[in-house]
> 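Starting off with a structure, shown below.
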Amino acid sequence: MTFVANNRMEWLFQRCHKETVCHSVSRSLLLASCLILVLTVALYPVLWSIGVQLHSALTGSYVAGHHSVLLLNSPNEQTAKDISRGIMERRLAASVNILSRTSTMYYWKGEIQDASEILLLVKTKTCKIQRVVDYVRSIHPYGNPEILSFPVGDGSPAYMKWMDEAIPDD
């Protein structure tokens, strides 16, 4: 009887030990998977940028949509320069073109308006658009400024590389 009890105890001990090891391994794998997932999400912009640069270097082609052009309006040249300088100081764009006075017609409060404005062309990474929009809205004198973005479908690989170098990844 003692021999049978010892065998059962040994069997239970081995089984419990195996289950503990299995649970420990399972927890470690789950923790590692969660850590990899969190790091991937946190580093996604950097990983995307590296992937785009590798793709461009290996194939000599451009990944569509990685860069965008934003159109912004401004009531006068000084405001346009102030907005442009703020965008550039924050490293949110590679360049901003300030186009001289344009004639603008638009509906406002049910009537056609005719005005002169300055148009800005902002060349940036697509991942920076929301930060540009937030900044422009915070300082723009219009209650509802024109801010439109267009993804770049293709372009000079050398220019796109320069844009990547000019705009840091976060």
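Worth knowing before you read on, the calculation uses all heavy atoms, side chains too, and leaves out hydrogens, waters and symmetry mates. Being a predicted model, the structure only gives us computed values, none of them experimental.
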> Would you find a donor on one side and an acceptor on the other, under 3.5 Å apart, between the side chain of Thr79 and the backbone of Pro75?
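Not at all, since once roles are kept as given, no pair shorter than 3.5 Å links the two residues.
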> Taking side-chain contact (heavy atoms from CB on, under 4.5 Å) as the definition, give me every residue that meets it alongside Asp82, ordered by chain and number, with sequence neighbours left out.
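In terms of side-chain contact (heavy atoms from CB on, under 4.5 Å), with neighbours along the sequence ignored, Asp82 is linked to Gln78.
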> Indicate yes or no: at least one non-hydrogen side-chain atom of Lys125 is less than 4.5 angstrom from one of Asp164.
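Heavy-atom side-chain distance check passes, below 4.5 Å.
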> Which residues pass the side-chain hydrogen bond (donor to acceptor under 3.5 Å, both in side chains) test with Gln130, not counting sequence neighbours?
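In terms of side-chain hydrogen bond (donor to acceptor under 3.5 Å, both in side chains), with neighbours along the sequence ignored, Gln130 is linked to Asp134.
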> Quick test of your reading: applying side-chain hydrogen bond (donor to acceptor under 3.5 Å, both in side chains), list the pairs with at least one residue in residues 83-98, sequence neighbours left out, ordered by first then second residue.
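Of all non-adjacent pairs touching residues 83-98, those that pass side-chain hydrogen bond (donor to acceptor under 3.5 Å, both in side chains) are Ser95-Lys123, Asn97-Lys123.
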> Checking side-chain contact (heavy atoms from CB on, under 4.5 Å) for the pair Arg101/Asn76: CA distance, chi angles, key distance, verdict?
CA-CA 8 Å; Arg101 292 219 173 262; Asn76 56 56; 4.1 Å; yes
> Would you mind listing the cluster partners of Ile167? Hydrophobic ones only (ILVMFWY), side-chain contacts under 4.5 Å, chaining allowed.
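Joined to Ile167, directly or through intermediates: none.
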> Sequence neighbours excluded, which residues qualify as side-chain hydrogen bond (donor to acceptor under 3.5 Å, both in side chains) partners of Thr126?
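Testing Thr126 for side-chain hydrogen bond (donor to acceptor under 3.5 Å, both in side chains), a comparison that skips the adjacent residues, returns Ser68.
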> Between Thr104 and Asn73, is a side-chain contact (heavy atoms from CB on, under 4.5 Å) present by the stated rule, with each step listed?
CA-CA 10 Å; Thr104 304; Asn73 65 351; over 6 Å; no
> Using the side-chain hydrogen bond (donor to acceptor under 3.5 Å, both in side chains) criterion, which residues pair with Glu146? Sequence neighbours excluded.
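Glu146 satisfies side-chain hydrogen bond (donor to acceptor under 3.5 Å, both in side chains) with no other residue.
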> Ignoring hydrogens and angles, write down the donor-acceptor pairs under 3.5 Å from the side chains of residues 108-115, residues two or more places apart or on other chains.
none

> State, with a plain yes or no, whether a side-chain heavy atom of Ser116 is found less than 4.5 Å away from one of Ser103.
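Not in contact.
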> Would you call His67 and Cys127 a side-chain contact if the rule is heavy atoms closer than 4.5 Å?
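Heavy-atom side-chain distance check fails, nothing below 4.5 Å.
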> What residues join Met105 in its hydrophobic cluster, counting side-chain heavy atom gaps under 4.5 Å, either direct or through other members?
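Hydrophobic cluster check, Met105: no partners found.
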> Apart from Leu30 itself, what residues make up its hydrophobic cluster, given side-chain heavy atom links below 4.5 Å?
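Members alongside Leu30: none; it stands by itself.
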> Among side-chain atoms of Thr102 and Glu117, is any donor-acceptor pair under 3.5 angstrom?
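No, because no side-chain N or O of Thr102 sits under 3.5 Å from a partner of the opposite role on Glu117.
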> How would you list, by chain and number, every residue that makes a ring-ring contact (aromatic ring centres under 6.0 Å, His included) with Tyr106, sequence neighbours excluded?
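Residues passing ring-ring contact (aromatic ring centres under 6.0 Å, His included) with Tyr106: none at all.
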> Once rounded to the nearest 0.5 Å, what's the spacing between atom NE2 of His140 and atom OG of Ser74?
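His140 NE2 to Ser74 OG: 5.0 Å, rounded to 0.5 Å.
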> Which Ile, Leu, Val, Met, Phe, Trp or Tyr residues join Val133 in one cluster when any pair of side-chain heavy atoms under 4.5 Å counts as a link?
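For the cluster that includes Val133, the remaining residues are Leu70, Leu72, Ile83, Ile87, Met88, Leu92, Val96, Ile98, Ile118, Leu120, Val122, Ile129, Val132, Tyr135, Val136, Ile139, Ile147.
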> In this structure, would Leu148 and Leu99 fall into the same cluster of hydrophobic residues linked by side-chain contacts under 4.5 Å?
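Shared cluster, yes.
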> Taking only residues two or more places apart in sequence, or in another chain, which ones meet Tyr159 in a ring-ring contact (aromatic ring centres under 6.0 Å, His included)?
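Applying ring-ring contact (aromatic ring centres under 6.0 Å, His included) to Tyr159 gives Trp162.
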